[in-house]
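A short write-up of the structure that comes next.
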Amino acid sequence: MFDKLIEVLKANPRKIVLPDGPDPRIVEAAARLKEGGFLAPVLIGTQAEFDAKAKELGYDLSGVEILDPATYEGMDEMVDTMVALRKGKMTPEECRANLQKGNYFGTMLVKMGKADALLGGATYSTADTVRPALQLIKTKPGATLVSSCFILQRGEELLAMGDCAINISYEDSVDKEGNVTQTGAQKLAEVVVETAKTAKVFGIDPKVAVLSFSTKGSGKGGTVALSREATAIAKEMAPDMAIDGEMQFDAAVSPEVGQLKFPGSPVAGYANTFVFPCIEAGNIGYKIAQRLGGFAAYGPILQGLNAPINDLSRGCNADEVYKMAIITAALA
């Protein structure tokens, strides 16, 4: 998978912001990316900090772009742009203060076209990575929410799972008068389609199972109706994609069980892309695959934004930073 993504990046040079400062994992990953020559990292902090840390760790960062918000020549323009984007929700002074932080500064570099993508979260919380993205990058045309996907790899086998990290559940949105403006099923359907699109980026021909504890009406209650309705909406949104549900996990992956419980389904028994009806199921599901199934899990890959912004676990290692940087840049 990574060989193919690196070939994509060689043909389409990209810059990626790593906003977490001179953290040892960031320094090591940036040195590896620089050595590879297929992706240019942009680091946030002082030259002196990075020089000292690179020397301490024995890595070469010569030629890597390092930007310090305190001395950045384009700061006034960046502040003005951020004020306009926040539309009165932040004063110029508040924007300038936020832009001294790597997460906001790095996100604005992407927004202003100084970089193509951002990978943060080694020292920031998920909220502190996603919040600037929502405020400044915002959702892409046609998207109403941000979701996530994990790519799981075991040998040559690749799977996609969403949403396992962002949306806790899918409730109807209502206006001040109590009218439903977007149903929970419409939201989940959007996640279904976005997860399938992400799967395609990584070479997966998506066969999407919208999961539940019920298969084709065998159970009732809980999130069964949500998964069923979301499946119908997703099929309308993407009629050329193989999407089916609601179905149980065994029906999704076992041809014998799938065709018994859901005869004639193009997905049942052959699914490689899985969409869960709530974050609890999704988070538990991908971690079972990772810990008991022997899959490597890459993500969360954020979906629905106007530019590739991805989040690291604060418990990540340098190799995960390196690989997630490749994944993130390949989405640009």
Side-chain angles (χ1 to χ4, degrees), residues 13-31 33-34 39-57 59-138 302 305-314 316 318 321-322 324-325 328-329 332:
R14 294 283 186 265
K15 280 187 178 184
I16 185 165
V17 181
L18 303 175
D20 286 283
D23 182 280
R25 299 163 294 177
I26 301 301
V27 171
E28 180 180 340
L33 292 170
K34 176 237 175 187
L39 177 59
V42 179
L43 305 178
I44 309 301
T46 70
Q47 186 75 49
E49 288 174 327
F50 278 103
D51 286 347
K53 186 58 70 174
K55 183 177 180 181
E56 174 191 332
L57 299 172
Y59 293 111
D60 179 15
L61 291 182
S62 59
V64 173
E65 187 174 6
I66 298 171
L67 298 177
D68 180 2
T71 59
Y72 183 61
E73 291 183 357
M75 181 57 74
D76 289 343
E77 179 189 2
M78 187 176 280
V79 170
D80 291 342
T81 304
M82 184 170 170
V83 170
L85 287 167
R86 296 303 292 134
K87 297 179 179 177
K89 295 178 181 177
M90 279 187 188
T91 66
E93 292 74 23
E94 289 171 330
C95 288
R96 191 175 295 273
N98 274 314
L99 287 168
Q100 298 307 305
K101 305 170 187 174
N103 56 342
Y104 273 95
F105 182 74
T107 304
M108 279 302 297
L109 289 174
V110 176
K111 179 63 179 180
M112 297 178 73
K114 309 295 185 184
D116 301 292
L118 178 144
L119 175 65
T123 60
Y124 289 101
S125 68
T126 295
D128 285 337
T129 301
V130 175
R131 187 184 305 110
L134 288 173
Q135 292 175 345
L136 305 172
I137 301 296
K138 303 182 181 179
L302 299 186
L305 289 167
N306 250 326
I309 308 284
N310 278 333
D311 179 46
L312 292 161
S313 164
R314 278 176 284 180
C316 66
V321 178
Y322 172 79
M324 278 300 296
T328 304

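Atom CG of Asn103 sits about 11.0 Å away from atom CG of Asp311, to the nearest 0.5 Å. Between the CG atom in Asp68 and the CE atom in Met75 there is a gap of 8.5 Å [rounded to 0.5 Å]. In this structure, OG1 in Thr46 is found 8.0 Å from CG in Asp51, a value given to the nearest 0.5 Å. Atoms CD1 and CG, on Ile66 and Leu61 in that order, are 6.0 Å from each other to the nearest 0.5 Å. A distance of 4.5 Å separates CE in Met90 from CE in Met82, rounded to the nearest 0.5 Å. For the atom pair CZ (Phe50) and CG (Leu43), the distance works out to 4.5 Å, reported to the nearest 0.5 Å.
Applying the side-chain hydrogen bond (donor to acceptor under 3.5 Å, both in side chains) definition to pairs two or more places apart or across chains, those involving residues 70-82 are Asp76-Arg96. Residue pairs meeting the side-chain hydrogen bond (donor to acceptor under 3.5 Å, both in side chains) criterion with at least one member in residues 109-124, sequence neighbours excluded, are Asp20-Thr123. The list of salt bridge (Lys or Arg N to Asp or Glu O under 4.0 Å) pairs with a residue in residues 118-129, not counting sequence neighbours, reads Asp128-Arg131.
Here the side chains of Pro308 and Leu118 are not in contact, with every heavy-atom distance at 4.5 Å or above. Within the 4.5 Å cutoff, side-chain heavy atoms of Ile16 are placed close to those of Thr328. Residues Pro41 and Leu33 meet the side-chain proximity criterion, which asks for heavy atoms closer than 4.5 Å.
The residues Lys15 and Glu65 are annotated as salt-bridged, a charged nitrogen and a carboxylate oxygen being separated by less than 4.0 angstrom.
The two residues Ala29 and Ala318 have their closest heavy-atom pair at CB-O, 3.8 Å. In this structure, Ala307 and Val110 approach most closely via the heavy-atom pair CB-CG1, 3.7 Å. The two residues Asn98 and Tyr104 make their nearest non-hydrogen contact at O-CB, 3.3 Å. Residues Ile44 and Gly102 come closest through the heavy atom pair CG2-CA, 4.0 Å. Smallest separation of non-hydrogen atoms from Pro132 and Ala127: CD-O, 4.2 Å. The two atoms that bring Leu39 and Ala329 nearest to each other are CD1-CB, 3.5 Å, heavy atoms only.
Of the possible polar contacts, none joining the Gln100 side chain to the Ala97 backbone as a donor-acceptor pair under 3.5 Å is found. Side chain of Arg25 to backbone of Val321: no donor-acceptor contact under 3.5 angstrom is found. Proximity of a side-chain donor or acceptor of Asn310 to a complementary backbone N or O of Leu302 within less than 3.5 Å is detected. Using a distance-only test at 3.5 Å, with no hydrogens or angles considered, no donor-acceptor pair links the side chain of Arg314 to the main chain of Gly121.
Under the rule for a side chain to side chain contact (heavy atoms under 4.5 Å, CB included), the partners of Leu57 that lie at least two apart in sequence or sit in another chain are Pro24, Val27, Lys53, Tyr59. Evaluation of the salt bridge (charged side-chain N to carboxylate O under 4.0 Å, His left out) rule for Arg14 yields no partner, not counting sequence neighbours. Residues passing the side chain to side chain contact (heavy atoms under 4.5 Å, CB included) test with Asn306, sequence neighbours excluded: Ile137, Lys140, Pro141.
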Exercise. Assess whether side-chain contact (heavy atoms from CB on, under 4.5 Å) is satisfied between Ser62 and Lys34, documenting all intermediate values.
Key: CA-CA 9 Å; Ser62 59; Lys34 176 237 175 187; 3.4 Å; yes
Quiz item: Passes side-chain contact (heavy atoms from CB on, under 4.5 Å), Met108 versus Leu136? Steps please.
Solution: CA-CA 7 Å; Met108 279 302 297; Leu136 305 172; 3.7 Å; yes
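Judged purely by distance below 3.5 Å, without hydrogens or angles, the side chains of Tyr322 and Glu28 never pair a donor atom with an acceptor atom.
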